[in-house]
Amino acid sequence: MTMTFKEKVLKIVSRIPEGKVLTYKQVAEKAGSPNAARAVGSFMKANYDRNIPCHRVIRSDGAIGHYNRGGRNAKIALLKKEGAIE
DNA sequence: TAGTTGACCGGAA
DNA sequence: ATTCCGGCCAACT
């Protein structure tokens with residue numbers, strides 16, 4: 001079974017528990033390509049699956065990044081609500 | 001097959 | 001604290 005990098009990424013993200021966050025880079029590392037953070041972002045923007053908590057993925061510098069469902073604002077609100085951030 | 005595209009990263013100015 | 005720039009990666013066309 002040829003699992004694309006993209007699918008690995010989606011699987012990893014889908015397993016991020018509530019109240020926790022991973023950086024794009026960490027996701028890339030877990031997926032087996034430590035320097036593919038950029039690619040990870042590209043896939044997330046293309047993913048609209050609600051089962052995947054893509055709002056739990058943020059940037060390494062602590063910035064929130066983007067969110068295709070509600071925008072950064074919604075992303076921040078969600079993370080606060082889940083207790084992942086202040 | 002090669003060129004384009006970005007929800008990124010880290011260092012420099 | 002910001003803004004800019006080059007590098008990196010896999011999918012898409």
Side-chain angles (χ1 to χ4, degrees):
Chain A
M1 52 177 271
T2 338
M3 196 131 123
T4 63
F5 184 75
K6 178 178 178 183
E7 295 182 292
K8 289 185 201 165
V9 168
L10 295 179
K11 202 164 192 175
I12 291 168
V13 173
S14 70
R15 290 176 182 150
I16 302 177
E18 187 175 309
K20 286 205 155 185
V21 296
L22 286 183
T23 67
Y24 292 97
K25 186 167 194 183
Q26 290 175 321
V27 173
E29 285 172 1
K30 288 175 178 287
S33 297
N35 297 327
R38 200 169 191 179
V40 171
S42 295
F43 300 145
M44 309 255 71
K45 81 170 185 294
N47 173 63
Y48 284 78
D49 192 330
R50 287 158 111 23
N51 304 36
I52 298 176
C54 42
H55 63 278
R56 306 209 179 121
V57 185
I58 63 176
R59 303 192 3 171
S60 325
D61 60 1
I64 293 304
H66 286 245
Y67 189 43
N68 64 17
R69 191 174 193 287
R72 310 179 189 56
N73 194 350
K75 188 169 178 180
I76 295 171
L78 271 162
L79 292 176
K80 282 187 179 178
K81 188 175 180 182
E82 298 181 351
I85 62 178
E86 8 139 13

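Please read all numbers here as calculations on a predicted model, not as lab measurements. A, B, ... follow the sequence lines: proteins, then strands. Residue 1 opens every chain.
- No salt bridge links A:Glu82 with A:Lys20; every basic N to acidic carboxylate O contact stays at or beyond 4.0 Å.
- Using a 4.5 Å cut-off on side-chain heavy atoms (C-beta onward), A:Asp49 and A:Ile52 make contact.
- Between A:Arg56 and the options A:Arg15, A:Glu18, A:Lys75, a side-chain contact (heavy atoms from CB on, under 4.5 Å) holds for only A:Glu18.
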Problem set entry | Under 4.0 Å protein heavy-atom contacts per nucleotide of nucleotides 3-13 of chain B, with B for base, S for backbone only and - for none | ---BBBSS---

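- Put simply, the side chain of A:Glu7 reaches to within 4.5 Å of the side chain of A:Thr4, judged on heavy atoms.
- When every heavy atom of A:Val9 is checked against every heavy atom of A:Ala31, the shortest pair comes out as CG2-CB, 3.9 Å.
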